[in-house]
Number of protein chains: 2
Amino acid sequence: MELEQGAAILRRLKLKVTPRRLEIICCLATEYSFLSAEEVWSRVRLRLGSIGLPTVYRILDELAEAAVITRIFLSNRKQYYFLCSNQDHHHHFVCESCHRVEDLEQCGLDAVSREIAQRSGGRVTSHILQINGVCGACCQGHSGVAA
Amino acid sequence: MELEQGAAILRRLKLKVTPRRLEIICCLATEYSFLSAEEVWSRVRLRLGSIGLPTVYRILDELAEAAVITRIFLSNRKQYYFLCSNQDHHHHFVCESCHRVEDLEQCGLDAVSREIAQRSGGRVTSHILQINGVCGACCQGHSGVAA
DNA sequence: CTCTAAATGAAAGTTACTTTTATTTATAGA
DNA sequence: TCTATAAATAAAAGTAACTTTCATTTAGAG
């Protein structure tokens with residue numbers, strides 16, 4: 001992702017365009033795997049020289065709240081993040097071995113939202129759909145990374 | 001849920017049938033809301049007299065790993081748990097206001113598993129599908145509980 | 001250029017679990 | 001029923017993933 005694309009995202013969110021935010025967006029955009037906050041921290045420190053871990057947490061949280069990046073749920077209680085260039089609404093297949101993320105076809109949950117609204121008068125605000133497994137490469141014996 | 005049903009679940013999992021495990025299963029079975037570990041702890045303490053919090057965590061984790069109970073994901077980083085008497089594979093609509101959980105129709109993700117296997121040779125091990133929103137009662141102005 | 005609100009760093013704090021170890025208990029087998 | 005033993009539990013201490021606070025810096029509007 002070009003810097004200008006990151007800047008455009010930040011302007012759309014009415015966030016100031018700062019070097020830290022740009023680096024974090026670029027860092028995630030060049031990864032095919034989901035990353036923990038600490039992993040993002042160590043990567044962007046290489047390029048920025050110094051950045052505080054609370055800043056990383058704050059920026060990741062902003063981006064996740066704005067749905068620019070996706071939270072990945074693992075059974076440990078760490079949060080992981082992934083930025084997908086595909087901006088249509090869709091979901092992910094997450095490899096538990098190498099942490100690579102693949103796109104899935106668009107989800108069919110609009111019907112579910114309508115069902116809930118009609119059945120009980122409720123309102124859907126968000127949903128989580130994440131498929132976990134082991135990707136093709138890892139199934140064929142490539143070693144993954146530690147969770 | 002009767003005690004004997006809880007005992008049957010534990011025997012199926014090859015876990016010893018202990019008063020703590022039975023109380024935790026019964027506690028969750030009589031709730032229409034998802035509960036945190038601390039909430040489970042305070043409820044079962046009323047009936048057991050005393051139980052350690054690590055025991056609660058261990059038992060909840062065992063039951064969640066065995067898919068007897070469902071983990072609920074919120075944006076805070078606490079884990080929540082829900083026991084659904086419906087033992088068919090299905091998913092939940094979670095009210096962010098009152099923490100009540102409603103069943104959804106059976107999910108259509110078998111096709112997704114097949115797609116992944118065919119496309120890349122990967123293997124699906126589990127998935128998370130959770131719909132968040134505000135239930136009918138809460139939309140109509142009933143006050144919920146604090147998250 | 002200046003001003004102001006937003007962003008950041010550093011340090012300390014919080015909390016949701018987790019580990020460890022000694023003790024107790026469910027239960028399989030005698 | 002009794003006993004042995006492996007599993008379960010309690011209590012206390014520990015860990016780690018964030019989070020808060022507050023002083024300083026900086027982006028961006030005017």
Side-chain angles (χ1 to χ4, degrees), chain A residues 3-4 6-25 27 34-45 47-66 68-69 71-81 146-147, chain B residues 3-4 6-25 27 34-45 47-66 68-69 71-81 146-147:
Chain A
L3 285 176
E4 190 46 47
I9 289 172
L10 293 173
R11 278 192 283 266
R12 177 165 58 80
L13 303 179
K14 302 210 194 310
L15 295 173
K16 285 186 179 172
V17 179
T18 67
R20 269 104 241 260
R21 286 189 174 128
L22 288 174
E23 270 308 326
I24 286 178
I25 291 175
C27 165
F34 59 84
L35 298 177
S36 67
E38 293 246 3
E39 286 167 338
V40 171
W41 188 43
S42 66
R43 277 165 175 72
V44 295
R45 258 194 306 178
R47 295 170 53 101
L48 286 170
S50 124
I51 175 173
L53 192 50
T55 301
V56 174
Y57 276 109
R58 255 183 316 235
I59 293 173
L60 289 173
D61 207 50
E62 285 165 355
L63 296 174
E65 285 300 305
V68 171
I69 62 180
R71 288 182 208 275
I72 303 289
F73 297 92
L74 261 57
S75 56
N76 66 21
R77 62 186 230 290
K78 276 169 86 167
Q79 302 257 24
Y80 296 88
Y81 303 90
Chain B
L3 284 177
E4 189 45 47
I9 289 171
L10 293 174
R11 278 192 282 266
R12 177 165 58 82
L13 302 179
K14 302 211 193 310
L15 295 173
K16 286 186 180 174
V17 179
T18 67
R20 270 105 240 258
R21 287 190 174 127
L22 288 173
E23 269 308 326
I24 286 178
I25 290 174
C27 164
F34 59 84
L35 299 178
S36 68
E38 294 244 4
E39 286 167 338
V40 170
W41 188 43
S42 66
R43 278 165 173 71
V44 297
R45 259 193 306 177
R47 296 171 53 100
L48 286 170
S50 124
I51 175 174
L53 191 51
T55 301
V56 173
Y57 276 109
R58 243 181 288 119
I59 292 174
L60 289 173
D61 207 49
E62 285 166 356
L63 295 174
E65 285 300 306
V68 171
I69 63 181
R71 288 183 208 273
I72 302 289
F73 298 91
L74 262 56
S75 56
N76 66 20
R77 61 186 230 291
K78 276 170 85 169
Q79 302 258 26
Y80 296 88
Y81 302 90

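Chain naming here is simple, since letters A, B, ... match the order of the sequence lines and numbering starts at 1 in each.
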Please determine which of Val44(A), Thr55(A), Leu48(A) meets the side chain to side chain contact (heavy atoms under 4.5 Å, CB included) test together with Ile24(A).
Val44(A)
Output the rounded distance in Å from NZ (Lys14(A)) to C1' (dA5(C)).
16 Å
Looking only at non-hydrogen atoms, find the nearest pair between Leu35(A) and Cys27(A) and report the distance.
CD1-SG, 4.1 Å
Length of the CH2-C1' vector between Trp41(B) and dC17(C), whole Å
12 Å
Side chains of Thr18(A) and Arg21(A), donor plus acceptor under 3.5 Å
no
Students often mix this up, so state it plainly: with edges at 30° and 60°, are the rings of Tyr80(B) and Phe34(B) parallel, tilted or perpendicular?
perpendicular
Nearest-Å distance for atom pair NZ/P, residues Lys78(A) and dA16(C):
19 Å
Determine, for Glu4(A) against Arg11(A), whether the closest basic-nitrogen to carboxylate-oxygen distance falls under 4.0 angstrom.
yes
Base, sugar-phosphate or nothing for Ile51(B)? Non-hydrogen atoms, less than 4.0 Å.
sugar-phosphate
Using a heavy-atom cut-off of 4.0 Å across all strands, would you classify Ser50(A) as base, sugar-phosphate, or nothing?
sugar-phosphate
What integer distance in Å separates Leu53(B):CG from dA16(C):C1'?
9 Å
Between CG of Leu48(A) and P of dT8(C) the distance, given in whole Å, is 10 Å
Outermost nucleotides of DNA chain D that come under 4.0 Å of a non-hydrogen atom of chain A
dA17(D) to dG28(D)
To the nearest Å, give me how far apart CD (Glu65(B)) and P (dC17(C)) are.
14 Å
Anything under 3.5 Å between a protein N or O and an N or O of nucleotides 25-30 of chain C, put it in a table, one pair a line.
| residue | atom | partner | partner atom | Å |
| --- | --- | --- | --- | --- |
| dA26(C) | N3 | Lys16(B) | NZ | 3.4 |
| dT27(C) | OP1 | Val17(B) | N | 2.8 |

Quickly work out the Tyr57(A) OH to dT15(C) C1' distance and round it to whole Å.
14 Å
Main-chain N/O of Ile51(A) paired with Trp41(A) side-chain donor or acceptor, under 3.5 Å:
yes
Taking only side-chain N and O atoms of Arg21(A), does any of them lie within less than 4.0 angstrom of OP1 or OP2 on dA7(C)?
yes
Could you go through the side chain to side chain contact (heavy atoms under 4.5 Å, CB included) check for Ile69(B) and Ile25(B) one step at a time?
CA-CA 9 Å; Ile69(B) 63 181; Ile25(B) 290 174; over 6 Å; no
Return whichever of Glu38(B) or Glu62(A) has its heavy-atom-nearest nucleotide of DNA chain C closer to the 5' end.
Glu62(A)
With no angle test and no hydrogens, is the base of dA16(C) tied to the side chain of Arg77(A) by a donor-acceptor pair under 3.5 Å?
yes
Side-chain ion pair, Glu23(B) and Arg45(B), N-O less than 4.0 Å:
no
I'd like to know if Arg71(A) and Glu65(A) make a salt bridge, using a cut-off of under 4.0 Å between side-chain N and carboxylate O.
yes
